[in-house]
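Below is one structure; the comments refer to it alone.
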Number of protein chains: 2
Amino acid sequence: MMDNSFYSEYWPQTTDLNQDSPFLHPQVPNINSFQLHNYPESFQGETASASRSHSEAEKRRRDRINAQLSTLRKLIPTSEKMDKAALLGSVVDHVKDLKGKTTEISKVLNTPTDIDEVTIEHLNEEENKGSASESKRKDNSVILKASFCCDDRPELFSELQRAIKSLKLTVAEADITSLGGRIKGIFLLCLSENSAKDVCMHSLKQSLRVVLCGIAISPSTSNYRIKSKRQRFFLPAQFS
Amino acid sequence: MMDNSFYSEYWPQTTDLNQDSPFLHPQVPNINSFQLHNYPESFQGETASASRSHSEAEKRRRDRINAQLSTLRKLIPTSEKMDKAALLGSVVDHVKDLKGKTTEISKVLNTPTDIDEVTIEHLNEEENKGSASESKRKDNSVILKASFCCDDRPELFSELQRAIKSLKLTVAEADITSLGGRIKGIFLLCLSENSAKDVCMHSLKQSLRVVLCGIAISPSTSNYRIKSKRQRFFLPAQFS
DNA sequence: GGGCACACGTGAGGC
DNA sequence: TGCCTCACGTGTGCC
């Protein structure tokens, strides 16, 4: 229940608080400039200190908001000398635009998501209908389609190659995309004919799944993502 | 110089203004609820009406800002029940993240920019050093690298093909990317040997430039971008 | 009850 | 002048 005009008789208008806030927009006028905590003796009462802490807290809140606004202004080109509403408006446009572009790219590109996953698929299963043993007699070539999506890290490639080699599989085709610290891979894996006749399809797929899950969804002992903000990007490429 | 406590004796606290602002965050408390324009008779003076229009304008300003904040909240997942500063903070993160991803992609992909441009380059110029006539005797094959970047529109492809055909050029390779209503193309264009011996390289390049500029930097009679927000994306592909 | 987040009206500078 | 935008302190609801 205080009247500002009453305060302004007591508070010195000399010091400029705004100069202590480097994130403030230059447009900000130097108004109501006074040193906080510099209250007249007659206001050192209980309600006065409550009111002071309230206004100080409110100033901190305003400063937090304005600081974010200021960093947003740096991120958006030509947003200097826009007012707050216009700035936020172009932020909205920017976010929509960027979102549209990235989803547009994701549609046609093999783009990693935020969800860890591993899938295994038997590509030539349909043409080999019937029992497993029978199908092998018809066509001994085995092609597995495997995909994974997980956090990216430097050791991932060698781990993958070791895992694939250990299952006596060879890579026919690979499409690997690393983006924003995440990585997604799609592999076409072949089992040679003479190996294929000795192996149980079901347990091979099971083993592959176990091995890939161990690589992809492992408890993140490697905190690569935290250590390095550097992001890698690979075009769809051959992976020998 | 008015004391709120003084007003609050006069202003009815019954009607809820916040319910008229559908974009307000649900967290907003129903405070200072009163009907604007409902001033006591004693305040119908000149300064009172100025003050009223001021406070009304200020409310409109706040509403504009909060409306943008509200649409931002819809764009950012899990931003419900964040306060304003936190919301803006995650908007900052989001923008940085999206920007990083798109620039990362642009680095390896042939991504269109916002600037219209056409470039023509003579690829095998270096190996054919010397005068133009001499170079043709050494190697009659002519390869031009042409690129353009402009607003995308449906007719662009056929226009391009017609233009290239009219210059008796054939497309050896094409990398075309359409993204966010913009399109960028890079072409390797061949001139057959028997055509090459009749043609002046300089005027061919000039003609190609003129034709491409006519397509790319034409006064935008087609307002495709406004008519359709639909965006196309093409992977690097052959263009026969 | 203290802290927090919000909307509000106000004074002031800029155009 | 009048209107716009901003920072400010305050009243208030919620935890």
Side-chain angles (χ1 to χ4, degrees), chain A residues 1-11 13 16-21 23-39 43 46-67 69-70 73 81-88, chain B residues 1-11 13 15-21 23-39 43 46-67 69-70 73 81-89:
Chain A
M1 316 295 188
M2 300 174 187
D3 188 331
N4 279 334
S5 66
F6 183 55
Y7 277 89
S8 55
E9 295 179 14
Y10 288 87
W11 287 348
Q13 309 264 341
D16 185 5
L17 193 71
N18 287 332
Q19 290 182 351
D20 296 334
S21 309
F23 46 76
L24 284 180
H25 193 229
Q27 195 182 337
V28 172
N30 295 333
I31 58 171
N32 281 0
S33 307
F34 54 84
Q35 196 115 41
L36 291 175
H37 309 287
N38 196 0
Y39 285 67
F43 280 95
E46 207 170 287
T47 60
S49 94
S51 167
R52 184 182 59 182
S53 82
H54 183 23
S55 83
E56 284 173 1
E58 183 61 17
K59 166 136 192 69
R60 281 193 298 272
R61 174 179 165 274
R62 279 195 305 268
D63 286 351
R64 276 203 319 275
I65 294 173
N66 284 335
L69 245 31
S70 173
R73 192 169 257 119
K81 65 165 84 180
M82 274 184 186
D83 64 36
K84 286 184 181 179
L87 167 65
L88 290 175
Chain B
M1 314 295 188
M2 300 174 186
D3 189 332
N4 278 334
S5 65
F6 182 57
Y7 277 90
S8 55
E9 295 180 14
Y10 289 87
W11 288 348
Q13 307 264 341
T15 50
D16 185 6
L17 193 71
N18 287 332
Q19 289 181 352
D20 297 334
S21 307
F23 46 75
L24 282 181
H25 194 230
Q27 195 182 336
V28 173
N30 296 332
I31 58 171
N32 280 0
S33 306
F34 54 82
Q35 196 117 40
L36 289 176
H37 309 286
N38 196 359
Y39 284 67
F43 280 95
E46 206 170 289
T47 60
S49 93
S51 168
R52 184 183 59 181
S53 81
H54 182 22
S55 83
E56 283 173 1
E58 184 61 18
K59 165 137 191 67
R60 281 193 299 274
R61 175 180 163 272
R62 280 195 305 267
D63 285 351
R64 275 204 316 279
I65 294 174
N66 284 336
L69 245 29
S70 174
R73 191 170 258 119
K81 64 165 85 180
M82 273 184 186
D83 64 37
K84 288 183 181 179
L87 167 65
L88 290 176

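Note that this is a predicted model, so its numbers are computed, not measured.
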So do Leu88(B) and Arg64(A) actually touch side chain to side chain, heavy atoms under 4.5 Å?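 Answer no - side chains too far apart.
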Select one nucleotide: of dC6(C), dG9(C), dA7(C), the one nearest the side-chain heavy atoms of Asn66(B).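 My answer, after comparing the listed nucleotides, is dA7(C).
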For the side chain of His54(A), counting heavy atoms from C-beta on, which of dA5(C), dT10(C), dC6(D) is nearest?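 Of all the options, the side chain of His54(A) is nearest to dA5(C).
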Check the distance between [N]'s [atom2] and [X]'s [atom1] and give it to me in whole angstrom.
X	N	atom1	atom2	answer
Lys59(B)	dC4(D)	NZ	P	16 Å
Ile65(B)	dT5(D)	CD1	P	8 Å
Asp63(A)	dC6(D)	CG	C1'	13 Å
Met82(A)	dC6(D)	CE	P	12 Å
Glu56(A)	dG2(C)	CD	C1'	15 Å
Leu87(B)	dC6(C)	CG	P	9 Å

Would you indicate, yes or no, if [N] has its OP1 or OP2 atom less than 4.0 angstrom from a side-chain nitrogen or oxygen of [X]?
X	N	value
Arg61(A)	dC4(C)	no
Arg64(B)	dC4(D)	no
Ser51(B)	dG9(C)	no

Go through the N and O atoms of the side chain of Glu58(B) and the base of dC4(D), and report whether any donor-acceptor pair is under 3.5 Å.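 No, the side chain and the base share no sub-3.5 Å donor-acceptor pair.
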Could one point to a donor on the side chain of Arg62(B) or the base of dG9(C) with an acceptor on the other under 3.5 Å away?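 Indeed there is one.
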For dC8(C), give its Watson-Crick or G-U wobble partner with both distances under 3.5 Å, or none.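 Paired with dG9(D).
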Looking only at heavy atoms, what is the nearest atom pair of Leu87(A) and Leu69(A), with distance?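 The answer is CD2-O, 3.6 Å.
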Glu58(A) CD to Asp63(A) CG distance, which is reported to the nearest 0.5 Å: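 Those atoms lie 10.0 Å apart.
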OG-CD distance between Ser49(A) and Glu56(A), expressed to the nearest 0.5 angstrom: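 Output value for this atom pair is 9.5 Å.
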Do Arg61(B) and Asp83(A) pass the side-chain contact (heavy atoms from CB on, under 4.5 Å) test, and can you show the C-alpha distance, the side-chain angles, and the key distance before you say yes or no? CA-CA 10 Å; Arg61(B) 175 180 163 272; Asp83(A) 64 36; over 6 Å; no
Report the residue (Arg60(A) or Lys84(B)) whose heavy-atom-nearest nucleotide on DNA chain C is the more 5′ of the two.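 Taking each residue's closest nucleotide, the earlier one in sequence belongs to Arg60(A).
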